[in-house]
Amino acid sequence: MSNVIDMLNDKQKEAALHTEGPLLILAGAGSGKTRVITNRIAYMIDECGVNPWNILAITFTNKAAGEMRSRVDDMVGFGADSIWVATFHSTCVRILRRYIDKIGYDTNFTIYDTDDTKAVMKGICKRLKVDTKQMPERAFLSAISHAKDEMITPSDYALDAAGSYGAEQVAKVYAEYEKELKKSNALDFDDLLLKTVELFKAWPDILDSYQERFRYIMVDEYQDTNTVQFEFVKLLAAKYRNICVVGDDDQSIYKFRGANIRNILDFEKVYPDAMVVKLEQNYRSTQNILDAANAVIGNNKGRKDKALWTDKGEGGLIHFRQCDSAYDEAEYVADSIAANKRDGKYDYRDCAILYRTNAQARLLEEKLIFEGIPYDVVGGVNFYARREIKDILAYLKTIDNARDDIAVKRIINVPRRGIGATTINKVQDYANANDISFYDALKKADEIPSIGRSSDKLKPFVNMIQVFRSKLPHITLEELVNDILETTAYIENLEADDKEDEESRIENIEEFINKVVAYEEEQEDEPTLSGFLEEVALVADIDNVNTDSNKVLLMTLHSAKGLEFPHVYLTGLEEGLFPSYMNIVSDDPSELEEERRLCYVGITRAMDELTITSARQRMVRGETQYNAPSRFVKEIPSALFDLKVPGNRIRLSDGNVPVKAKPYAMPAHERNAKARPYIASASKAMAAPSILTGKDIGSSGSLDYGEGDTVRHIKFGEGVVLKIEKGTRDYEVTVDFKGYGVKKMFAGFAKLKKI
DNA sequence: CACAGGTCTCTTTTT
DNA sequence: GAGACCTGTG
């Protein structure tokens with residue numbers, strides 16, 4: 001037997017050797033899923049004579065796709081690059097770029113992101129005079145998105161809606177929205193799947209050609225697929241039935257985005273002859289961490305029964321700490337990371353801080369800066385969603401596809417050209433009346449009677465775009481972007497405009513140009529403007545994570561799926577935040593189960609050490625909230641917690657009932673944290689070494705004072721160091737303070753300064 | 001038409 | 001607490 005198979009355990013082997021017919025791999029967290037998939041592909045190519053060209057592997061992110069390709073590449077002699085590895089969305093885009101003209105679109109369609117669709121919806125609601133106080137734009141968008149996920153057309157929707165005022169409204173708006181996108185030759189994210197399925201159904205010979213091409217299909221993260229995605233896969237696999245799906249129902253966390261957990265739970269119903277393999281041996285985490293994860297997820301009903309185990313050993317206990325405030329929480333985490341680094345226990349890159357909502361990142365960032373800890377935040381505001389980047393992209397989109405009304409309107413007065421809302425409305429009215437695009441109406445500005453002298457302002461804009469367009473075939477994308485920036489004096493206008501963010505915006509633009517250059521360099525075929533825009537439209541935040549640099553990573557639990565870290569900090573475990581308030585009050589109990597799965601995902605990211613934190617008090621949307629620790633914490637058996645962690649006042653009995661804490665003496669470091677006004681630490685943050693210099697202050701590995709030295713403490717003032725002991729996680733320093741007496745404290749927290 | 005300054009609302013999670 | 005939105009003024 002080949003060595004690619006020998007590397008696997010028995011269960012994994014079973015999965016890898018089953019290359020023909022439907023296969024469901026239930027892969028628990030950390031069970032070596034990627035290894036099975038890659039080895040299975042290698043086995044098919046090397047041992048079964050499968051042509052790599054006939055293999056399609058669909059992953060969740062571009063990052064995962066890239067990793068899979070390079071791992072297969074390392075294993076097989078040649079041919080790995082002809083395997084089609086891509087995300088659902090990019091796979092569909094590639095198909096549609098070729099054939100979408102068959103269903104009435106131009107092959108140079110643009111892809112509308114969330115902002116763009118919002119802009120479209122705003123216009124529609126205004127036009128249809130919808131009361132957006134009653135029914136906000138995003139409600140329509142989410143209804144439409146769900147309809148598309150379920151393959152419900154506007155006319156289907158209208159039929160079902162009869163009788164219900166709200167649904168009728170949605171149906172009307174939905175129909176209008178479709179018309180608008182079509183007119184703009186634009187597709188939204190959901191359309192990419194939907195139109196591909198439509199194409200396949202309308203043109204059986206096209207479907208057939210793809211069925212012939214993709215004789216072996218693999219889908220990763222199958223638990224997160226929605227109905228259209230499943231339909232897409234089902235159609236492709238209908239002929240050869242070599243479909244292998246890999247997933248874990250316990251990690252299904254995208255219901256809000258339409259993911260249908262039934263896809264994985266009912267796979268065997270759709271494919272009765274499917275072979276099912278369960279991978280339960282975990283190669284990532286210690287047994288304690290797995291026990292915690294199993295205990296939490298065990299509270300969910302209607303899941304496929306499984307339990308992770310490992311031969312890695314028990315490992316250390318899980319830390320839990322309830323802090324007084326979110327500030328304290330952030331400080332605790334930052335201090336812990338600094339201490340770990342100093343002790344040589346974990347490097348920055350070994351640590352990840354996870355949270356439920358993006359907003360939580362801010363405080364954490366401040367404390368990390370204060371401690372001089374280098375970090376990267378994944379997500380938040382997507383790079384390509386930033387104003388300056390969207391502006392440049394809008395120029396590029398306008399040049400590429402002038403039917404993209406949203407793009408044209410975005411830049412028509414950016415930088416300012418004295419073209420205001422009144423003029424824009426008149427042009428739009430004219431466009432509507434003549435059933436032409438906004439840009440085409442601009443070209444005919446002379447013929448719009450009501451517009452008057454404003455047409456003098458419109459002409460130069462149209463000319464400029466036409467000039468860019470005529471240059472396009474002769475220059476590189478980088479040159480084009482620079483040309484746009486120069487012609488419009490974009491940066492100069494930026495400087496005049498907002499002084500505050502100017503610097504970071506210019507940096508972003510530079511970064512954008514780097515990405516343009518990178519695209520042109522790595523592109524094997526002719527790099528094109530459309531190709532670049534397409535790539536940009538489909539990148540996820542996680543795709544840009546640079547794992548080479550030695551930095552702490554901050555991200556949401558959703559972004560963390562599929563990743564692993566030696567030390568994971570799970571923050572904000574509070575009722576109302578995680579699980580979120582929305583899901584606690586929801587009458588649909590499955591919402592809470594989804595939160596629990598999210599918690600399960602978080603716990604199982606940890607390899608060696610897991611720290612869970614919560615705050616008693618936290619600012620949420622400008623309002624202070626007081627929250628109890630999350631129910632999920634209470635679902636973890638208390639025996640798994642390290643109760644000796646300073647500051648942990650929660651005692652959990654094995655009956656999962658919190659026991660009233662005994663009077664608690666606040667450790668010195670925590671009192672300081674409280675006594676110190678937050679502003680003070682913010683100003684000190686500036687004095688801390690910049691992360692940009694690459695100097696990490698926490699890395700000395702030893703203290704800069706010794707026994708007998710006089711030191712200063714932020715609250716207790718001057719004192720003499722009596723003793724320094726090396727503890728398990730930090731140095732314990734005993735100091736005799738003038739006026740405060742002898743105190744024992746952790747060096748990592750106390751931040752004593754030698755004087 | 002642009003801009004300053006006030007008010008209002010709130011996505012949890014994202015391809 | 002921030003961003004989107006509205007309104008009055010120049």
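The shown structure was predicted, so the numbers you read here are calculated from the model rather than taken from an experiment. Here is the naming used below: chain letters follow the sequence lines, and residue numbers restart at 1 for every chain. All values below come from the heavy atoms of this structure, side chains included, with hydrogens, waters and symmetry mates left out.
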### Message
Without decimals, in angstroms, what is the distance between A:Leu363 CG and C:dG1 C1'?
### Response
11 Å

### Task
Please state the P separation for the pair C:dA4 and B:dT13 - nearest whole angstrom.
15 Å

### Message
Between A:Asp149 and A:Arg257 (salt bridge meaning N to carboxylate O under 4.0 Å), is one present in this structure?
### Response
no

### Query
Should A:Glu178 and A:Lys148 count as an ion pair when the cut-off is N to O under 4.0 Å?
yes

## Note on the structure
Closest to the 5' end of DNA chain B, once A:Lys457 and A:Pro136 are matched to their nearest nucleotides, is A:Lys457

### Query
Heavy atoms under 4.0 Å, any strand shown: does A:Thr423 hit a base, just sugar-phosphate, or nothing?
sugar-phosphate

Identify all pairs in which a protein N or O lies below 3.5 Å from an N or O of nucleotides 7-10 of chain C, and state each distance.
none

### Query
Is the backbone of A:Arg94 close enough, under 3.5 Å, to the side chain of A:Arg98 for a donor and an acceptor to pair up by distance?
no

### side-chain N/O A:Asn413 vs B:dA2 OP1/OP2, d < 4.0 Å
yes

### Query
Between A:Arg416 and B:dC3, does any side-chain N or O lie under 4.0 Å from OP1 or OP2?
yes

### Message
Under a 4.0 Å threshold between the charged nitrogen and the carboxylate oxygen, would A:Glu575 count as salt-bridged to A:Arg631?
### Response
yes

### Message
Measure CD/A:Gln360 against P/B:dC10 and give the value in whole Å, please.
### Response
21 Å

Using a cutoff of under 3.5 Å, can you pull out all pairs of nitrogen or oxygen atoms linking the protein to nucleotides 12-15 of chain B, with atom names and distances?
unit_1	atom_1	unit_2	atom_2	d
B:dT12	OP2	A:Arg621	NH1	3.0
B:dT12	O2	A:Arg356	NE	3.4
B:dT12	O2	A:Arg356	NH1	2.3
B:dT12	O2	A:Arg356	NH2	3.3
B:dT12	N3	A:Arg356	NH1	3.0
B:dT12	N3	A:Ser580	OG	2.7
B:dT12	O4	A:Ser580	OG	3.1
B:dT12	O4	A:Asn583	OD1	3.0
B:dT12	O4	A:Asn583	ND2	2.8
B:dT13	OP1	A:Asn358	N	3.3
B:dT13	OP1	A:Asn358	ND2	3.3
B:dT13	O2	A:Arg356	NH2	2.1
B:dT14	OP1	A:Thr556	OG1	3.1
B:dT14	OP1	A:Ser559	OG	3.4
B:dT14	OP2	A:Asn358	ND2	3.4
B:dT15	O4'	A:Arg257	NH1	3.3
B:dT15	O2	A:His89	NE2	3.1

### Query
At under 4.0 Å between heavy atoms, what does A:Lys255 touch on the DNA or RNA strands: base, sugar-phosphate, or nothing?
nothing

### Query
Quick one: side-chain hydrogen bond (donor to acceptor under 3.5 Å, both in side chains) pairs with a partner in residues 594-603 of chain A, sequence neighbours left out?
A:Asn300-A:Arg596, A:Arg356-A:Glu595, A:Asn583-A:Glu595, A:Glu594-A:Arg597, A:Arg596-A:Glu635

### Query
What class does the angle between the rings of A:Phe512 and A:Phe532 fall in, given that below 30° is parallel, 30 to 60° is tilted and above 60° is perpendicular?
perpendicular

### Query
Could you give the CZ-to-C1' distance, from A:Arg417 to B:dA2, as a whole number of Å?
16 Å

### Query
In terms of side-chain geometry, is the basic nitrogen of A:Lys397 or A:Asp116 positioned less than 4.0 Å from the acidic oxygen of its partner?
yes

### Atom-to-atom span, CD of A:Glu623 to P of B:dC8 - whole angstrom
16 Å

### Summary
A:Gln625 CD to C:dG1 P, in whole Å, measures 14 Å

### Task
Taking only Lys NZ, Arg NE, NH1 and NH2, and the carboxylate oxygens of Asp or Glu, determine whether A:Asp328 and A:Arg616 approach each other closer than 4.0 Å.
no

### Query
Would you call the rings of A:Phe214 and A:Tyr210 parallel, tilted or perpendicular if under 30° counts as parallel and over 60° as perpendicular?
parallel

#### Entry: Span that lies between the C1' atom of B:dT11 and that of B:dT15, in whole angstrom
16 Å

### Message
How many whole angstroms separate atom CG of A:Leu141 from atom P of B:dT11?
### Response
13 Å

